[in-house]
Amino acid sequence: MDEPRGRGRPRKNPAAPARWTPPEGWSRLVAWISPEEKKALKHVAVEADVSVADLVRSLASGLAEGVISHEELLGHIRRGNQVMEKIPTLFERDERFQVVDRPRAECAWVFDGAGVGTEKLDGTNVRLTVRSGLLVRVEKRRNPTKAQKQQGIVDGWYVDTDETSADDKWILAAAGNTDVSQWPDGEHPCEALGPRIQGNPLALPDHLCVPFDFQAPTVLDVPRSYQGLREFLTTLDSKFSPGHLAEGIVFHHPDGRRAKIKRKDFPRGAAAAGRARSAQNAAITDACQAILRT
């Protein structure tokens with residue numbers, strides 16, 4: 001049986017806390033972690049009978065000596081970053097996949113008046129990566145197949161474009177025509193637009209990409225009800241391409257949440273009725289003006 005260790009040499013000043021001097025060249029690392037990550041670190045440290053600090057140093061040492069690779073550590077995070085955010089539609093849908101006057105619970109903040117509306121652009125979703133004002137990567141949207149949906153995969157993700165692929169030709173043209181010299185570094189989800197993309201409903205003369213995070217046109221005084229939005233979207237002119245109808249509205253909450261609604265989400269009969277009412281109102285206005293002129 002081992003004998004208990006002695007108390008050791010007393011400190012010169014017992015009232016002062018003990019100090020540890022790191023070796024020359026060492027530095028202190030500070031990082032924010034979630035409660036779950038902190039709990040996991042403590043659990044592993046207890047199992048290994050070491051301190052959390054020793055555990056972190058062992059991890060760094062393992063990376064430095066090649067015992068563990070960065071892909072083993074970061075692979076799942078990078079895969080997670082490839083998944084696109086699925087923006088919910090404001091209202092529930094019926095069996096014909098058209099919206100009904102029943103707000104979705106996760107979009108309640110919109111009907112409470114929070115957030116601002118921006119124009120939803122009708123193109124194809126891409127992601128541009130920018131470094132020091134230069135475009136370094138172009139990705140496109142990939143949706144799950146029918147078989148993947150049956151397996152529970154519902155969210156889309158981004159994949160790299162291929163310069164040799166005819167399918168990616170116009171996406172790459174849009175990216176190449178976009179001036180990113182003043183964009184901040186980072187990955188920017190965008191809408192690729194232009195003559196050869198999605199039928200070019202905005203009748204644009206050239207291809208380009210519009211980032212969602214800082215260039216989407218803001219729309220003021222957007223209604224926050226089913227009826228109000230249905231009528232509003234039947235005549236909403238595109239701010240990006242005046243003279244053409246906007247596809248819809250995306251609401252942005254300050255905390256990052258988003259919600260969307262498109263003109264075609266509403267029943268077609270209702271949209272036609274809205275356009276008819278607008279035409280009727282315009283005719284009444286013209287008639288009144290004619291009377292006043294006489």
Side-chain angles (χ1 to χ4, degrees), residues 1-88 106 125-142 144 148 151-161 180 183-190 211-214 252-258:
M1 181 175 181
D2 296 337
E3 295 182 0
R5 295 177 58 183
R7 292 187 58 185
R9 187 170 60 184
R11 296 195 298 271
K12 292 181 180 179
N13 183 2
R19 292 178 179 271
W20 177 77
T21 302
E24 184 178 356
W26 282 36
S27 60
R28 185 176 183 182
L29 176 67
V30 178
W32 291 97
I33 61 175
S34 70
E36 293 77 13
E37 292 166 339
K38 182 178 180 180
K39 183 177 180 181
L41 280 175
K42 286 187 173 181
H43 177 75
V44 174
V46 168
E47 289 291 324
D49 195 22
V50 297
S51 66
V52 171
D54 284 339
L55 177 62
V56 173
R57 283 199 297 271
S58 296
L59 178 60
S61 177
L63 286 168
E65 296 177 6
V67 176
I68 186 172
S69 71
H70 68 278
E71 283 298 334
E72 291 177 276
L73 288 175
L74 302 177
H76 71 289
I77 295 177
R78 288 178 176 169
R79 286 190 295 272
N81 287 339
Q82 299 299 315
V83 177
M84 296 189 312
E85 174 197 6
K86 189 174 180 63
I87 304 176
E106 64 264 46
N125 185 243
V126 299
R127 184 167 67 177
L128 306 186
T129 300
V130 175
R131 294 289 184 270
S132 300
L134 297 175
L135 180 63
V136 298
R137 189 179 190 185
V138 181
E139 297 167 283
K140 62 183 178 180
R141 173 176 180 159
R142 176 67 55 80
Q148 288 171 329
Q151 295 171 343
I153 303 172
V154 295
D155 293 325
W157 60 93
Y158 289 107
V159 297
D160 285 311
T161 52
V180 301
W183 289 20
D185 282 4
E187 297 173 329
H188 301 280
C190 305
F212 301 140
D213 46 1
F214 59 91
H252 300 255
H253 193 282
D255 66 9
R257 285 177 289 172
R258 292 188 289 174

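Each residue takes its place number in the sequence, starting with 1.
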Subject >> Separation of Thr161 OG1 from Arg127 CZ (nearest 0.5 Å) >> reply: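 So the CZ of Arg127 and the OG1 of Thr161 are separated by 12.0 Å.
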
**OP:** Drop me the distance from His252's NE2 to Ile87's CD1, to the nearest 0.5 angstrom.
**Re:**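 If we round to the nearest 0.5 Å, His252:NE2 and Ile87:CD1 are 7.0 Å apart.
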
**OP:** Determine whether Arg258 and Phe212 make a side-chain contact, defined as any pair of heavy atoms from C-beta on separated by less than 4.5 Å.
**Re:**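 Touching, per the 4.5 Å side-chain cut-off.
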
Subject >> Contact check, side chains of Val138 and Leu128, non-hydrogen atoms, under 4.5 Å >> reply: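 Contact flag for Val138/Leu128 side chains = yes.
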
**OP:** Ignoring hydrogens and angles, tell me if any N or O in the side chain of Asn125 forms a donor-acceptor pair with the backbone of Lys140 under 3.5 Å.
**Re:**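 Checked: no pair found.
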
**OP:** Answer yes or no: is there a donor N or O on one side and an acceptor on the other, between the side chain of Ser58 and the main chain of Asp54, under 3.5 Å?
**Re:**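 Yes.
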
Where is the tightest heavy-atom contact between [X] and [Y], given as atom of each residue plus distance?
X: Pro144; Y: Asp155; answer: CD-O, 3.8 Å
X: Cys190; Y: Pro211; answer: SG-CA, 3.6 Å
X: Val136; Y: Val130; answer: CG2-N, 4.4 Å

**OP:** Let me know which of Arg137, Arg141, Arg142 forms a salt bridge (Lys or Arg N to Asp or Glu O under 4.0 Å) with Glu139.
**Re:**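 Considering Arg137, Arg141, Arg142, a salt bridge (Lys or Arg N to Asp or Glu O under 4.0 Å) with Glu139 is found only for Arg137.
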
